[in-house]
Amino acid sequence: MVQRVLLIGSKGQLGSQLLEDLPGDVVGITREQLDLAGSRCVIEQVLGELLDRYQPDIVINTAAYTAVDRAESDEALALQVNAWFPGALGALAKEVPVIHFSSDYVFDGLAMRPYTEEDKPNPLSVYGASKWRGEVAVLEANAKATVLRCSWVVGSHGQNFAKTMLRLACEKEVLRVVNDQYGVPTPTPFVSAELNRCLANSIPAGLFHLVPSGETTWYRYALWIIDRASSHPNWQKQLRLGKDQLIGISGDEYPTIAKRPASSRLDTQKWRNQTGKPTLIDWQEAFEPVLKDLLDKKSHAG
Ligand SMILES: NC(=O)c1ccc[n+]([C@@H]2O[C@H](COP(=O)([O-])OP(=O)(O)OC[C@H]3O[C@@H](n4cnc5c(N)ncnc54)[C@H](OP(=O)(O)O)[C@@H]3O)[C@@H](O)[C@H]2O)c1
C-alpha cells in the first residue's frame, strides 16, 4: 500500500491533478525546489536530499519540457529535462518505484493501426526523441519503473488545446483546425483514476500505453468542445464562432516548426490486461469533469 508519494512537476497539467486526487501523503515538488534546467550535480544533490527527507514509497515524475516547437531550437534543455533526468531519477530512487510519463510523439504516426508497446518508436521531433530517450533511461535505471505513454493530455490546470479552442471561439469568426491527425485526448482525471485504482494494489512495472477509449481528430475534438460550450449559459453569449465556421483542414495546410505524427492512436491492451480492466472509459466521458470545470470557470462571462 502506497503511503507517501513524491510528485515531481506538481504545478503542471497532470501534476496538479495528481496532487489533488492521489490519496495518502503526496509531496508536490515544483521547479522552485528542483530546477531541471540547472547543473546536473545540483539536480542530483537536491533530488537525493528530497528522497532522503521524504522517504517516499513511490516517485511520480510529471515534469517535462513540453514546448514541442520550441524544443527544435532548444534541444540541449529538452534532452536534459526529458531524457537525462528520468534516468538520473530512476538511478537515485534505487529500490523505490518510479512512475514516469511519456508521449505518443515517440512515433512517426504512419501506422494504419493503433501503436502497441512493441512498435519501435521513430520520432519526428526533438521533443519526441527526447521523450523516447527518457523512457529508455528510466526503465534501464530502475527495475521497478513504470512508463505510461499518454496522448493529447488535457486538464483543468495549465495550457492545452481545449482552452485554446474556447478562447479562439470567442475571438474569431472562422477557425481552421487540422482534420487528418488522429488520436485521443487523455484527460488528467482519467490518469489519476487509473493510478488510484492501481496504487491501492500494485502498479505493474514496464512500458504501457494509457489513454481512454475512442479516437478523434483535432477538428472533431474542437467541434465537440465548441458544441458543448454553445449550449452552456456562461459561453452562449460570448462565442463568436458557430460550428459551421469551424473548418477542417489537412496538416499540410497548418505547418508547424516541429512535425506532428498523423496518427497518435495507442493500443492499451497491455495496460488493460495487466491491471485487470477489460475496457477503459471513452474519452468524451473521461473529459466531462474537465469540460465542466473549463465551462463553469468562465462564470464572469455575461
Ligand atoms: N501535454 C500533452 O499534450 C502531453 C501529451 C502526451 C504526453 N505528455 C506527457 O505527460 C506528462 C505531463 O504533461 P503535462 O501536459 O502535465 O505538462 P505541463 O503542463 O507542461 O507540465 C510540465 C511540468 O514540468 C515542469 N517543468 C518543465 N521544465 C522544468 C524545469 N526546467 N525544471 C523543473 N520543472 C520543470 C513545469 O514546471 P512549471 O509549472 O514551473 O512550468 C510543469 O510543472 C509529461 O511527461 C509530458 O511529456 C503530455
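In each ligand, atom 1 is the first atom listed, and ligand 1 is the first ligand listed.
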For ligand 1 and [X], I'd like to know whether there is a polar contact (N/O to N/O, distance under 3.5 Å).
X     : result
Leu14 : yes
Arg31 : yes
Val81 : no
Leu36 : yes

Close approach of Cys150 to ligand 1, heavy atoms, under 4.0 angstrom: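 Distance cut 4.0 Å: Cys150 passes for ligand 1.
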
Criterion side-chain contact (heavy atoms from CB on, under 4.5 Å) on Asn160 and Val153, from CA distance to verdict: CA-CA 8 Å; Asn160 53 53; Val153 171; over 6 Å; no

With rounding to the nearest 0.5 Å, note down the distance linking [atom1] in [X] to [atom2] in [Y].
X      : Y      : atom1 : atom2 : answer
Lys277 : Thr268 : NZ    : OG1   : 10.5 Å
Tyr54  : Glu49  : OH    : CD    : 11.0 Å
Leu294 : Ile225 : CG    : CD1   : 8.0 Å
Ile226 : Leu241 : CD1   : CG    : 5.0 Å

Just to confirm my output: which protein heavy-atom neighbour is closest to [atom], and how far is it?
atom                    : result
atom 46 (C) of ligand 1 : Tyr127 OH, 3.6 Å
atom 44 (C) of ligand 1 : Ala64 CB, 3.5 Å
atom 12 (C) of ligand 1 : Thr62 O, 3.6 Å
atom 4 (C) of ligand 1  : Val153 CG2, 3.4 Å
atom 39 (O) of ligand 1 : Lys11 CB, 3.6 Å
atom 45 (O) of ligand 1 : Lys131 NZ, 2.8 Å
atom 33 (C) of ligand 1 : Leu34 O, 3.3 Å
atom 14 (P) of ligand 1 : Gln13 CB, 4.0 Å

What are the atoms of ligand 1, with element, lying closer than 4.0 Å to any heavy atom of [X]?
X      : answer
Thr66  : 17 (O), 18 (P), 20 (O), 46 (C), 47 (O)
Ala63  : 23 (C), 24 (O)
Ala37  : 31 (N)
Phe101 : 10 (O), 11 (C), 45 (O)

Side chain, backbone, both or neither: Trp152 near ligand 1, heavy atoms under 4.0 Å: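 Just the backbone.
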
Region of Ser102 that comes within reach of ligand 1 [heavy atoms, distance under 4.0 Å]: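 Looking at Ser102 and ligand 1, just backbone atoms fall under 4.0 Å.
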
Taking C-beta and beyond as the side chain, do [X] and [Y] meet within less than 4.5 Å on heavy atoms?
X      : Y      : answer
Ile60  : Leu6   : no
Trp152 : Phe161 : no
Glu44  : Leu47  : no
Leu148 : Leu207 : no

Nearest candidate to atom 43 (O) of ligand 1, where distance is taken over non-hydrogen atoms, out of Ser10, Ser103, Gly128, Gly12: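 Among Ser10, Ser103, Gly128, Gly12, the closest heavy atom to atom 43 (O) of ligand 1 belongs to Gly12.
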
Electrostatic pair Asp104-Lys131, nearest N-O below 4.0 angstrom: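 No.
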
Candidate pair Asp69 and Tyr127, rule side-chain hydrogen bond (donor to acceptor under 3.5 Å, both in side chains), full reasoning: CA-CA 8 Å; Asp69 288 321; Tyr127 170 76; over 6 Å; no

Parallel, tilted or perpendicular: rings of Phe107 and Tyr115 (30°, 60°):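 Ring orientation of Tyr115 relative to Phe107: parallel.
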
